[in-house]
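Source: prediction; values computed, not measured. Below, chain A is the first sequence line, B the second, and so on; all start at residue 1.
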2 protein chains.
Amino acid sequence: MTAQDDQLDAVGVNADQRSAAGAERPIPDATVARLAVYLRALSGLVETGIATVSSESLAAAAGVNSAKLRKDLSYLGSYGVRGVGYDVALLLEQIRATLGLNEDRAVALIGVGHLGQALAGYAGFATRGFQIAALFDADPAVVGSQLRGLRVLHVDLLEQVVRAERVAIAVIAVPAAGAQDVCNRLVAAGVTSILNFAPVVLAVPAHVDVRKVDLAAEMQILSFHDSRKSARAEDAQARFSDEQPFRPGSGDASVSMAAAK
Amino acid sequence: MTAQDDQLDAVGVNADQRSAAGAERPIPDATVARLAVYLRALSGLVETGIATVSSESLAAAAGVNSAKLRKDLSYLGSYGVRGVGYDVALLLEQIRATLGLNEDRAVALIGVGHLGQALAGYAGFATRGFQIAALFDADPAVVGSQLRGLRVLHVDLLEQVVRAERVAIAVIAVPAAGAQDVCNRLVAAGVTSILNFAPVVLAVPAHVDVRKVDLAAEMQILSFHDSRKSARAEDAQARFSDEQPFRPGSGDASVSMAAAK
DNA sequence: ACGCCCTTGTGAAGGCATTCACAAAATCGA
DNA sequence: TCGATTTTGTGAATGCCTTCACAAGGGCGT
Ligand SMILES: NC(=O)c1ccc[n+]([C@@H]2O[C@H](COP(=O)([O-])OP(=O)(O)OC[C@H]3O[C@@H](n4cnc5c(N)ncnc54)[C@H](O)[C@@H]3O)[C@@H](O)[C@H]2O)c1
Ligand SMILES: NC(=O)c1ccc[n+]([C@@H]2O[C@H](COP(=O)([O-])OP(=O)(O)OC[C@H]3O[C@@H](n4cnc5c(N)ncnc54)[C@H](O)[C@@H]3O)[C@@H](O)[C@H]2O)c1
């Protein structure tokens, strides 16, 4: 997952506490990644009208084990009630605050091709506090077109607009060949958070956070496991069906490495 | 599936031999995820005409540290030459074999909306041995249309076609509300590898592998780090600029990596 | 008021993954 | 042929994450 930047605040600190909303014990990256999943599960509960939830059932909804869930939540502070569970609305708000979702963040999208157009229309952005502030492309045929109420701007305006709109997060959806260049310009314009869909490893200064979505890699990982399964099936073809009983999905992001335990 | 507890062959096996093509020491999930990245870096080298590469420079291209790279590669066997490096073509072939990329895999895509259309047209599929064998949708307005030489089929045909085409991997790109249902039908039809773009945690039997691409989660993770940065910047506003020297990208990022569970 | 029962929060243990650091191998020049 | 040089492959050390297991805390029924 992401990088390793959180350990730098490790400095010395004793029992420091900050101004308004910060949680304090450093939150592990693995936990942060799961908070988003919990958030979604909690949203579902809110809609169902459920007001309180135990770590056991929330964990089931999120596809993780309950001890992990509790430990994750403990990094945010103590928001559960023993013998009862967690208040859904309160917990939801705490997670939102922890993830910094209460302040809107301006997002810039660079590359309005097939993928970029899908992304620009993705409801999951706006509904979660991410405002698409600008769309950029280099193709004259695309520049100037209207999408979701935004005009597609020429990428030459990138630095200027990124600064003016105070863009916090940039999404790169240009072909691989152009990605590093776009990235450099974003960084020069002050962007420090980038989501990259292009299949390249971006080089960035240490203070910039890059996450990537790598479809080919995902497919290849599935391929790896799939080929192992086939091999095993052939080895054991004489054995009977090994259908497993249904288990809650192994949630997290990656492989579902089943559980093994 | 991936569950493995016996990480050391210590006692056991001495000179074990494989049946057909399998590598033997179990390959860690984290390593598998990176193999795809190495593969891409190697492809780049091939195009540049470079025949040999050291762990140091390949690691730089992949954005990882060289010891990690060497350890990763060591799981595949010993394909390097001390004092020289790795033969690019050979290594590439080994990784392809390990990931099971030499056999074509039929892919089914369910949900041909905005995202699905982008995915269907994604070149990264075909160029890596993933053949899109079928497209499905439930919307009569979409069913029957032609896309990339394939007719979009009604999702009612899913089980039938999935079996007939021997689909190995399914990609789910339907709205969240329909994803679990589609997933159940895929599993019933025998699919054991699923890539899910819908923002839900899928419940599957243990022998099914699910990976997810969760855009909202990625954005939220960036948001988390970004809000920390802002906080830190405010705390330290009196300090001078902290521009760092350029560093090779912090590579991994990626999904899920969260992945690995 | 008082236990009883339920569920949280968390030390401690155990597993993986990453990184270190170096001996072993292979090439090359003399 | 031999030693210098380079770079791999890998035990060992370190650190992070997950899981276990249970004491502490809180509500609720009587
Ligand atoms: N289509 C998918 O489903 C998919 C999936 C995963 C990853 N990707 C990756 O996402 C990226 C975009 O894919 P796509 O299918 O949308 O490609 P596309 O060709 O449809 O769109 C790319 C767009 O980027 C624009 N562009 C090119 N160079 C640019 C630059 N320097 N600055 C600004 N704009 C520029 C082009 O004009 C075009 O509109 C690629 O890197 C691709 O590998 C795509
Ligand atoms: N658009 C994006 O960039 C984006 C990004 C990340 C995730 N997602 C997720 O991907 C999924 C698809 O997004 P989209 O923007 O393409 O949505 P969309 O509404 O454009 O397309 C969804 C398609 O799925 C079809 N569909 C609905 N129910 C179905 C069913 N039961 N069986 C078969 N087909 C069915 C619909 O007819 C439609 O064509 C959603 O879950 C969304 O949250 C989208």
Side-chain angles (χ1 to χ4, degrees), chain A residues 1-7 10 23 25-35 38 51-60 62-87 90-91 94 250-255 257-261, chain B residues 2-10 23 25-35 52-60 62-87 90-91 94 250-252 254 256-261:
Chain A
M1 40 223 64
T2 310
Q4 58 303 10
D5 47 330
D6 56 309
Q7 69 240 42
R25 197 167 20 154
I27 303 180
D29 285 332
T31 292
V32 173
R34 284 187 297 266
L35 288 180
Y38 303 154
T52 291
V53 66
S54 71
S55 65
E56 200 65 55
S57 55
L58 181 54
V64 303
N65 119 355
S66 68
K68 193 191 284 183
L69 173 90
R70 287 198 301 277
K71 181 143 292 207
D72 284 342
L73 296 184
S74 77
Y75 290 107
L76 314 194
S78 241
Y79 296 111
V81 178
R82 293 171 192 231
V84 176
Y86 298 87
D87 180 278
L90 172 63
L91 186 53
Q94 291 305 328
S250 58
D252 91 73
S254 4
V255 172
M257 22 193 353
K261 83 170 338 226
Chain B
T2 325
Q4 59 285 60
D5 17 313
D6 58 315
Q7 74 275 31
L8 32 156
D9 52 318
R25 195 168 24 156
I27 303 181
D29 286 330
T31 292
V32 173
R34 284 187 296 266
L35 288 179
T52 291
V53 67
S54 71
S55 64
E56 200 66 55
S57 55
L58 181 54
V64 303
N65 117 355
S66 69
K68 193 191 286 187
L69 175 95
R70 288 198 300 278
K71 181 144 289 207
D72 284 342
L73 296 184
S74 77
Y75 290 107
L76 314 193
S78 242
Y79 297 111
V81 178
R82 292 172 194 233
V84 176
Y86 299 88
D87 181 279
L90 172 62
L91 186 54
Q94 290 304 328
S250 60
D252 74 78
S254 182
S256 344
M257 174 14 330
K261 147 160 301 7

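Protein atom NZ of Lys71(B) is 15 Å distant from nucleotide atom P of dC22(C), rounded to whole Å. In this entry the distance linking CZ of Arg70(A) with C1' of dC17(D) reads 16 Å, nearest Å. Going from atom NZ of Lys68(B) over to atom P of dT8(D) covers 17 Å, rounded to whole Å. Spacing between atom CG of Leu90(B) and atom C1' of dT8(D) amounts to 14 Å, rounded to whole angstrom units. We find that OH of Tyr79(A) is positioned 19 Å from C1' of dG26(D), with the value rounded to whole Å. Spacing between atom CG of Leu69(B) and atom P of dT7(D) amounts to 14 Å, rounded to whole angstrom units. Rounding to whole angstrom units, CG of residue Asp72(B) and P of dT8(D) are separated by 14 Å. Note: CG (Leu73(B)) to P (dT18(C)) measures 13 Å, nearest angstrom.
Between Asn65(A) and Val84(A), the one whose closest nucleotide on DNA chain D sits nearer the 5' end is Asn65(A).
Between Asp72(B) and Arg34(B), the shortest heavy-atom contact is OD2-NE, 2.6 Å. When all heavy atoms of Asn65(A) and Ala67(A) are compared, the pair lying nearest together is OD1-N, 2.7 Å. Tyr38(A) and Ala62(A) make their closest contact through CD2-CB, 3.6 Å (heavy atoms, listed as atom of the first residue, atom of the second, distance).
For the OP1/OP2 pair of dT7(C) and a distance below 4.0 Å, the side-chain nitrogens and oxygens of Ser54(A) include no atom meeting the criterion. The side chain of Ser55(B) contributes an N or O atom lying less than 4.0 Å from OP1 or OP2 of dT8(D).
For Val81(B), taking side-chain heavy atoms from C-beta onward, the closest of the listed nucleotides dA26(C), dG9(C), dT8(D) is dA26(C). Distances from the side chain of Tyr86(B) to the nucleotides dT19(D), dT8(D), dG9(C) place dT8(D) closest. Side-chain proximity of Asp29(A) to the nucleotides dT8(C), dC17(D), dG9(C) is greatest for dC17(D).
The shortest side-chain heavy-atom distance between Leu91(A) and Asp87(A) does not fall under the 4.5 Å cut-off. A heavy-atom distance below 4.5 Å is not found between the side chains of Thr52(B) and Val81(B).
Between the side chain of Arg82(B) and the base of dT7(D), no donor-acceptor pair of N or O atoms lies under 3.5 Å.
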